[in-house]
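Okay, structure first, notes after.
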Amino acid sequence: MTHASHPPRSDADWHENAYDLVRGLAAYSGSVLADGIAKVIARHPDANIANAFNYKQVGCKLWAREKLFDCAGPRYRKVAVLGGWYGVLPAMLLEDPRFDIETAVSYDIDPAVEEVSRTLGSGFGERFRAVTADMYALDYRVIGADLIVNTSCEHIADLAGWLRLLPSGTRVLLQSNDYFSEPTHINCVSSLDEFRAQAALAHTDFAGTLPMKKYTRFMLIGTV
């Protein structure tokens, strides 16, 4: 139901209002990330930023950030986020004043998201990078990241095979889920124990679950 004094709004009106709202939130909060989202809305109107920054997505990333700080500490020379999409998680890590991160890089196989990601992270300057790349084709020794993040393990057919590409001793943060009904989820797990067995980390600092409305998210932090 609309208010009698206001006619129904077009998509263009909604887009403009969303931009103005997020820009206002950025000004109020001083958030570099919120300002980046406002820029994405303005410059990339077709980007699915509402889905990338919805309540569930943010909740899972906040959980990752908190547990990473608690069990692995705040200092990282280079953080590599695989399947980073629009770069929300690396931006969240860079924005948190508790962390001391020199560089955070968002890698994604989809070339269409690179420019959006760069726009979102532009306020962090050279500390934020976006790269189009296949996680199976990367040379992780050359990348030299001291933390590798993959919160989309349900999309990887052979998780153990991918993890074998990483140098021994690399710290990782991994997430998966039991959302089997989503067609793009080709490698869900039924439990945290199954996820631990699938990843087979050399050392585990944290293993936990986060119940969501339609599924449970699982997370591991440790070293390969």
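From a predicted model like this one, the values you see are computed outputs, not experimental measurements. Only heavy atoms go into these numbers, but all of them, side chains included; no hydrogens, no water, no symmetry mates.
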Requested in this report: Test salt bridge (Lys or Arg N to Asp or Glu O under 4.0 Å) on Glu95 and Arg127 and set out the steps.
Outcome: CA-CA 11 Å; Glu95 185 162 66; Arg127 298 177 64 211; over 6 Å; no

*Go through the steps to decide whether Asp20 and Arg23 satisfy the test salt bridge (Lys or Arg N to Asp or Glu O under 4.0 Å), and finish with yes or no.*
CA-CA 5 Å; Asp20 201 40; Arg23 189 171 60 164; 3.3 Å; yes

Discussion item. Evaluate Val88 against Gln57 for side chain to side chain contact (heavy atoms under 4.5 Å, CB included), listing each step before the verdict.
Written reply: CA-CA 9 Å; Val88 171; Gln57 292 277 356; over 6 Å; no

- prompt: Hey, mind stepping through Asn150 and Val172 against side chain to side chain contact (heavy atoms under 4.5 Å, CB included) and telling me if it holds?
  reply: CA-CA 8 Å; Asn150 188 332; Val172 295; over 6 Å; no

Residue pair Asp146, Arg171: steps toward the side chain to side chain contact (heavy atoms under 4.5 Å, CB included) verdict:
CA-CA 6 Å; Asp146 48 357; Arg171 183 177 297 281; over 6 Å; no

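In this structure a side-chain-to-backbone donor-acceptor pair under 3.5 Å is missing from Asp35 to Ala26. Between the side chain of Ser117 and the backbone N or O of Val113 there is no donor-acceptor pair closer than 3.5 Å. Not one N or O on the side chain of Arg43 forms a donor-acceptor pair closer than 3.5 Å with the backbone of Thr119. For the pair Tyr140 (side chain) and Leu163 (backbone), a donor-acceptor distance under 3.5 Å is absent. With hydrogens and angles disregarded, a donor-acceptor distance shorter than 3.5 Å links the side chain of Asp178 to the backbone of Thr216. In this structure, Asp70 contributes its side chain and Lys67 its backbone to no donor-acceptor pair below 3.5 Å. Judged by distance alone, with hydrogens and angles left aside, the side-chain atoms of Asn187 form a donor-acceptor pair with the main-chain N or O of Ile156 at under 3.5 Å.
Shortest non-hydrogen contact noted between Ile41 and Ala18 is CD1-O, 4.1 Å. The two residues Phe180 and Cys188 have their closest heavy-atom pair at CE2-CB, 3.5 Å. Shortest non-hydrogen contact noted between Gly208 and Trp63 is O-CH2, 3.5 Å. Between Leu159 and Cys153, the shortest heavy-atom distance links the atoms CD1-SG, 3.7 Å. Across every non-hydrogen atom of Lys78 and Gly144, the tightest pair is CB-O, 4.4 Å. Closest of all the heavy-atom pairs between His203 and Asp205 is NE2-OD1, 3.0 Å.
Residues meeting the ring-ring contact (aromatic ring centres under 6.0 Å, His included) test with Phe99, sequence neighbours left out: Phe69. Residues satisfying the ring-ring contact (aromatic ring centres under 6.0 Å, His included) test with His185, not counting sequence neighbours, are His155, Tyr179.
With a 4.5 Å cut-off on side-chain heavy atoms, Leu25 and Ser31 do not count as touching. Looking only at side-chain heavy atoms (C-beta outward), Phe218 and Leu220 stay at 4.5 Å or farther from each other.
Under 3.5 Å, the side chains of Glu182 and Asn177 contain no donor-acceptor pair of N or O atoms.
Summarising the geometry, atom CE belonging to Met219 is positioned 4.5 Å from atom CZ belonging to Phe206; distances are rounded to the nearest 0.5 Å. How far CH2 of Trp85 is from CG of Leu120: 11.5 Å, rounded to the nearest 0.5 Å. Atom CG of residue Leu94 and atom CZ of residue Phe128 lie 7.5 Å apart, to the nearest 0.5 angstrom. Distance CD/Glu114 to CZ/Arg129: 9.5 Å, rounded to 0.5 Å. Interatomic distance, Arg65 CZ to Leu173 CG, rounded to the nearest 0.5 Å: 13.0 Å. Atom CG of Leu93 is separated from atom CG of Leu33 by 10.5 Å, given to the nearest 0.5 angstrom.
Both Phe124 and Leu147 belong to a common hydrophobic cluster when Ile, Leu, Val, Met, Phe, Trp and Tyr are linked at side-chain heavy-atom distances under 4.5 angstrom. The same ILVMFWY cluster, assembled from side-chain heavy atoms under 4.5 Å apart, contains both Ile148 and Val105. Hydrophobic cluster membership is shared by Val22 and Met92, with clusters built from Ile, Leu, Val, Met, Phe, Trp and Tyr side chains linked at under 4.5 angstrom. Hydrophobic clustering (side-chain heavy atoms under 4.5 Å, transitive across Ile, Leu, Val, Met, Phe, Trp, Tyr) keeps Val149 apart from Leu62. No chain of hydrophobic side-chain contacts below 4.5 Å, direct or via other Ile, Leu, Val, Met, Phe, Trp or Tyr residues, connects Leu89 to Val131.
Enclosure of atom NZ in Lys61 by more than 12 non-hydrogen atoms of other residues, nucleotides or ligands within 6.0 angstrom is indicated. Heavy atoms from other residues, nucleotides or ligands lying under 6.0 Å from CZ of Arg75 number 12 at most. Environment of CZ in Arg98: crowded, with over 12 heavy atoms of neighbouring residues, nucleotides or ligands closer than 6.0 Å.
A side chain to side chain contact (heavy atoms under 4.5 Å, CB included) with Leu201 is found for exactly one of Leu174, Thr223, Ile221, namely Leu174.
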